[in-house]
Amino acid sequence: MNVQTMKKRGQFAEVWGRLRKNKLAMISLSVLLLICMAAIFADLIANYNNIVIKQNGAERLMAPCAQHWFGTDEFGRDIFARIIHGARMALLMGFGATIISVAAGLILACVASYFGGVVDMVIMRVMDVLNSVPALVISLAICSGLGAGTWQLIVALSVAGIPIHTRMIRSNALGVMGNEYIEAAKSQGASTASVIFSHMVPNIASIIIIQITSTVATNILMGATLSFIGLGVKPPRPEWGLMLSSGTDYMLKNPHMVIFPGIAIILTALSVNTFGDCLRDAFDPKLKGKA
Amino acid sequence: MGEKLLEIKDLSVRYTTDGVIAHAVNHVNLELDKGEILGIVGETGAGKTTTALGILNLLPRYTAQTDGEILFNGVNVLRASEKEMQKIRGEHISMIFQDPMTSLNPVYTVGDQIGRVVKIHNKEKGKEFVEQRVDEILNLVGIPAERKVEYPFNFSGGMKQRIMIAIALACNPELLIADEPTTALDVTIQAQVISMMRSLQRELGTAVILITHDLGLVANFCDKVAVMYSGEIIESGAIEQIFDSTNPHHPYVVGLFGSIPKITRKTKRLTPIEGLMPNPASLPEGCKFHPRCPYCMDICKTEEPEAVIVNDHLIKCHRCVRKEEA
Amino acid sequence: MSDERVLVKVEHLKKYFDTPRGKLHAVDDVSFEIRKGTTLGVVGESGCGKSTLGRAVLGMNPATEGHVRYNGKDITHQSHREFKESRRQMQMIFQDPYSSIDPKKTVSEIIAEPLKIQKIYKSRKDLDARVIELMEMVGLDLIYMNTYPHELDGGRRQRIGIARALALKPEFIVCDEPVSALDVSIQAQILNMMMDFQDELHLTYMFITHDLSVVKHISDEIMVLYLGTVVERAPSDELFEHPTHPYTKALLDAIPVPELSYHGVEPQLLKGEVTSPINPPQGCRFAKRCPYVTKACTENMQELREISPNHFVACCQFGK
Amino acid sequence: MAKYIIKRIILMPVTLLLAALFIFMMVSISKTDPVLNMLPQEYTQEQYDALEHELGLDQPMLVQYVKWIGHAFTGDFGTSYSTRNSVWNEIGFRIPTSAVLSLVTTVLIVIIGTVLGILCAVHQYSWIDNVINVFSKMLSAIPNFWIAMIFMLVFAMKMRVFPMFGTGTVLHWVLPVITLALPGLAGHVRITRSSMLDCIRQDYIRTARSKGEKESVVIYREALKNAMMPLITMTGNRFAMTIGSAVVVERVFALPGLGTKVLDAINAMDVPVILACTTVLCAIYIVVMLIVDLAYMFVDPRVKGRFVKAKKNKVAA
C-alpha cells in the first residue's frame, strides 16, 4: 500500500535549499572549501621538508616574484608554501578547539538542564568562576602550565570556550525543557537518555551549529594571537600567527612578510563568519523579517 | 441614525512577505455612528486586527498595501500624513490590545505611561493637570491612584488591562478600538473589565469597536455586529437581527452558532463547520466559504456573491435571496 | 450517572511547592471518584491548581500527601518501571498544540513514540499500520504522515496529540484544556470527535478547562476548584440548575451567553482578585471575596457536604 | 536593596579566590622545574633540597596555594625567580597602564558602538546599516595584533605621525587604544543592533504608537531604555575581551603594562610573576563586573522592584 506522502524533507534539506539561494552564503562557502582543499592537499602543493622548513640563505627576504608568489621570509623559506601548510594548522585550531568546547558545553548543559537543582547550581557556579577569568588569561595560564605546542594550544582554546558554550546551550536547553512535548515524552515513561537525545538535542542543534561557526572564527584569531605572542605553535612549524610575529622585525623594508599571512587569517575568519550568519538566517528566516 | 463617525469604504489590505501576497482584508465596508458599539466577530485570520490597525493607520509601512478609504470625521485616515495621524491617535481614536502582559512598557511606571498620552495631546497644560488627570482616570478604572508609582510587573493581568483602558480613555477619545481585550483574562475578571468598560462608555459617550471571537460577549455588550470570514464581511446588522434565529443567516454564521456549546440547553452533539480557514495567500474562487459550505451551489464556486442589504441587515450569499422585509 | 465500577479514586490529595516566599498550596485536600466510561469535568480559573491536579492523578509529579487509586491499585508513588507500565492504561492530552508536539519530528514519528517506548510492535510494518489506523481515526489525511508540525494548523496538531494519546489503547485520559487554544469551529469538531471516542472505545475522561460552556457539554459530573480546593461537585445539569456555592454562582453568572435576552445584563461581580496561594490563610479560601462571608468561614477548613444526591458543597452557609 | 548589594560585594572576593585557585592549578602543573634553572650547572642534592624548601615548593600544592593567597592579600606576591626581587616592585607600577588602557578602550567601544548600533537598528536595511554591517563583519575577522602592526607600520614608521613605542604623551596612547577598540567595536555594534531590533518589535511599541507618540520618541524613549538593559551586562563581557587583547597590544607597542610582563614571565617560567599578573588582571575584571552588576540593578526596575516591593509589603500587611 504505497501511501502518497510528501517527500521526507528533513529540516536540513530545507535549510540547504534556502542557503543555495543566498549568493553570499555560496561565496563564503566556496572560499572556505578552497581553504580546506589547501589544507588537505598541502603536501602535494609544497613538500613539507625540503620547501616549507629547509632554510636557504641565498633567497633570503625576496619580494614576491614569479618563483616565490608571496616572496620569502628571513630564512629564505617560500611564504606561499608556508601559508598553505599554515591553513592546516588554522583549521585544526579553529574546528578542533570549537568541537571540543561545544561538545563539553553540550554535555554539561544537558546534564544541568535535565537534572536541575543542586547539579545545575554546582555546574553553573563553576562556570561563573571560569567566566570571571578573561578568556585570554585562561589560555595564558594553561599555556604556561602545559608549555607551548599545538595540542596544548588546542586545549587552551577549548577550556577558554567551555564557560560561554555551557551557558549559551544551557539557556536554550532550559527553553526547550519548558515545552510541553518534553513533558509529553516524560508522561510516556520515556527514559532520561531518550528525552535528552531524541527530543532536546535536535531542538538545540540549530543553535549549536550557529554557535560552532561563530566560535571557529574566534578560535582561529585567538590561536593566531597566542602563536604571535610565542605561546602557541613552536617554530619551525608553519603557522600564520608565528609568521606574523617573526615578520614584525623586517616589517619596514619587506612588508610582504606581514601582509600575506594577515590576509590569510582575515580571509578564513571572514568566510567562516559570513557563512555562519547566512546559516543563522537560513535556520529561522522569520528573524530576518522587516520591522 | 446618529451622526456618522467612521466610514470604511471598500477597504482591501495585502501583505507581501518574501514574494508571497496574503489578502488579509478584501473590500470591507463598515459604518459607525457616534457613541455606537460595533462588534467585529471572526476566527483567527479573518482580518479583524488588520482592519483595526488600518483605522489607526498603524499597518507596517513596508509590507502592507491598502486600497479604498477609511473616513474618520471626514478625514481619509489611510492617506493622512503621519503628523495628522499623531494628532488623531490617542486623542480621537485609541486602541487596547489583546495581551495585557506585553502591552505595557516594563521599565516605566504606570503613572508615567498614562501621563504620556495626556501630555502629548495637552502640551500647553502644566504638570499638575497631567497628574490630576492620571489620578482621575485611574480611579475611574478602579485602581488606587497611589499605585501609579509602581511598575507593570507589580500588577496582575486584569489590572494591566484596566491600565491599558485608562491609557486609551485618558484623553476622552471619540472612538475606542478594543482588539480581543478580555481573551487572555479569566471569566470573572472579564466580567469586571467588561462592566467597567460599559459604565465608562455610557459616561464618556465613546464609540467602541469590540473585536472578539466570543459571540456571547457581542450579545452582551454591542449594538451592531459584523461577522468577518477570510477578509470579508459576510453578514452584518443590529444584534436584534443577527441573534434572531428566525431570520435567514449566512451559512457560516449558522455554523458558528452551531459550534458553541449552549449553557441553557442540553445538546448531545455540536454541529460544527467542516474544514479549515482558507489560506490568505491562495483564497478560493467565487464565495470564499464555498469549500466549507453545506449548501454550496455551482454558482458559489465561480461567482462572488453580492452583498444584499435588507433594512440594514447585510448578507453576502447567493442562497439567501430574501423577500423585501417590512 | 452509570453505576459502573469506580476507575479512579483520589483521597485527600495534597500538592505543595516550596517557593522562596513560602509554601505554595497548589492542590489542598482534594478527594473525588471517576466511574468507568464517564467524564469528570474539572473547572476553575487560572491558578486554581487544576493542571497540577491532573498531572498528580497521572503520577507525573507525585503528590505531597494523599492517595490515588487506579482500579483499586495505589499508584501515588510509582517506580519508573511501574510508571511506564501504567502508561498503557493512563494517557494525557495537552493544551497548547504548538508546544506539545516536537517540531523536529514528523507526524508519524510523534504518533508512534508511545508504541516505540513500550516496544509493542516488533516489525516496522505493524507499527506503520497502527499509525495509519490512528491517523484515520482522528481524521488526519495520510498525506501528512511525513510532514513536519510547523506546516500544520492548530486543529490538525491537536489531532496528532489525540492520536498519540490513543496509541496504547488506554482506558483513562486526562485532557488538560485540549480545546482552549483552538477556534470555535475547530473546537466543535474536536469535542465531537472526543465524545465519539468515548462511546466507541468506552474511554473515561478527566476533562480540565476554564470554559464552562465546554465543560457542561462534555462532562457527566463537574467539579469546581478555587485556589487548590474543591468548592462544589455535582452532576452537570444539577450544577447549572442549582449552583449553590457563592463562587460557582459568580462563575456561572459571569459567562457571556450568546442570546438576545442577555443584552446589557450586568452580572453579579466578584470584588478584588484571586488571593495568593502561598501560605494561604486558615478557613475558606474564598472568604476574602465572598459576599456572604461570616466569622465561621475564616476559622475552619470547609469540608464537602452532600446537600442533595451526589451534589456536594464546601461552604458553611449551606447544607447544615 | 542593601541586602542585594552586600550579597554581591561578599560574593566578589570568593569568586576572585576561586579564579586564583584555578590559575594556580593551571600554572603549577608545568613540567619545567623552576628550581633547576636557578641552580648552577652542577649542583648537589642538598643544595637542590635547600633551595626547594626555601621556595616552599616541597609542600603539597594546596598548602602552597593557601600560603601564596595569604601573602597576596597583604600585597606581597613573593619573590620573582628570575630577578630575585619582590614581585610587587616588578608589577606594581604596571597595573595603572593596563587598567587605563582597557578601561578607556571599553568606554570608547561602548559609547561609539551603542550609537552606531542604534543607527543601524533604526534605519534597518538602509545604506548606513549595510555599510556599518560590512565594516563590522570585516573588523571582527581581523586579529587585533595585525591591526596594531599595520597601524604601527603606516602611522608610526612611514608617516611618523605617532610615536612607535613606550608611553608618556597622549600621542603614545592613540594607536594602542584605536587598535584595541576596533575589533571590540564591531561586536558591540552587532549586539546593540539586535537588541534594539528586538525591542522595536515588542507590543508596547505598538501601544506607544497608538498613543500618538512621534516615531522618534517611540524609538529613543520607549525602545532604547529597554534595549540598554542587556547592553550593560554586555559591557562586562566586552571588558573581559578587551583585557585579554590588551596583553597583545601592549606587546606590539611595548607599553609597560601587565601584559608584556606576564608574557616575559611565561617565557622565563617565572611562576610568582605569572600568578601575580594573571590574578591582578582577574581582580580588575571582577571589580568592574561588580560595578556593572550594581549599575544594572539600579537601572532595571524589575530587579530593584523585587527588593523595594518586599519592604513595602511588610508595611502594607
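Quick note on labels: first sequence line is chain A, next is B, and so on, each numbered from 1.
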Exceeds 12 heavy-atom contacts within 6.0 angstrom, atom CE of D:Met138: no
Chain D interface, residue from A:Gly262, A:Gly241, A:Ser139, A:Cys143 that has the most non-hydrogen pairs under 4.5 Å: A:Gly262
Residue D:Ile142 versus chain A: region with a heavy atom under 4.5 Å: both
Nearest-0.5 Å distance that lies between atom CG in D:Asn267 and atom OG in A:Ser144: 10.5 Å
Straight-line distance of D:Leu16 CG to A:Ser132 OG, nearest 0.5 Å: 8.0 Å
Closest non-hydrogen atom pair, A:Leu140 against D:Val262: CD1-CG1, 4.0 Å
Options A:Thr225, A:Ile265, A:Leu267, ranked by heavy-atom pairs under 4.5 Å with chain D, top entry: A:Thr225
Best-contacting candidate, A:Ile164, A:Leu231, A:Thr268, A:Asp128, against chain D by heavy atom pairs under 4.5 angstrom: A:Leu231
Contact leader toward chain A among D:Val14, D:Val248, D:Ile23, where contacts are heavy-atom pairs under 4.5 Å: D:Val248
Residue part contacting chain A, namely of D:Leu275, when any heavy atom lies under 4.5 Å: neither
Interface moiety of D:Met149 toward chain A, non-hydrogen atoms closer than 4.5 Å: both
D:Leu153 to A:Pro255 - nearest heavy-atom pair and separation: CD2-CB, 4.4 Å
Among the listed options A:Asp277, A:Thr274, A:Leu130, the residue most often paired with chain D at heavy-atom distances under 4.5 Å: A:Asp277
Closest contact, heavy atoms only, D:Trp146 versus A:Val258: NE1-O, 3.1 Å
Any D:Pro143 side-chain heavy atom under 4.5 Å of A:Ile266 side chain: yes
Proximal component of A:Ala135, with respect to chain D [non-hydrogen, under 4.5 Å]: neither
Separation of D:Leu11 CG from A:Arg125 CZ (nearest 0.5 Å): 7.5 Å
Chain A contact via D:Leu18 - side chain, backbone, both or neither, heavy atoms under 4.5 Å: both
D:Phe135 atom CZ, over 12 foreign heavy atoms within 6.0 Å: no
Heavy-atom closest pair, residues D:Leu281 and A:Val137: CD1-CG2, 4.1 Å
Contacting moiety of D:Thr242, where chain A heavy atoms sit under 4.5 Å: neither
Considering all heavy atoms, the nearest A:Val159-D:Phe22 contact: CG1-CZ, 4.2 Å
Among the listed options A:Ala217, A:Pro134, A:Ala269, the residue most often paired with chain D at heavy-atom distances under 4.5 Å: A:Pro134
Minimum heavy-atom distance A:Leu221-D:Ala141, with the two atoms named: CD2-O, 3.4 Å
Worked verdict on A:Asn273 versus D:Lys137 for side chain to side chain contact (heavy atoms under 4.5 Å, CB included): CA-CA 8 Å; A:Asn273 257 343; D:Lys137 271 217 178 91; 5.6 Å; no
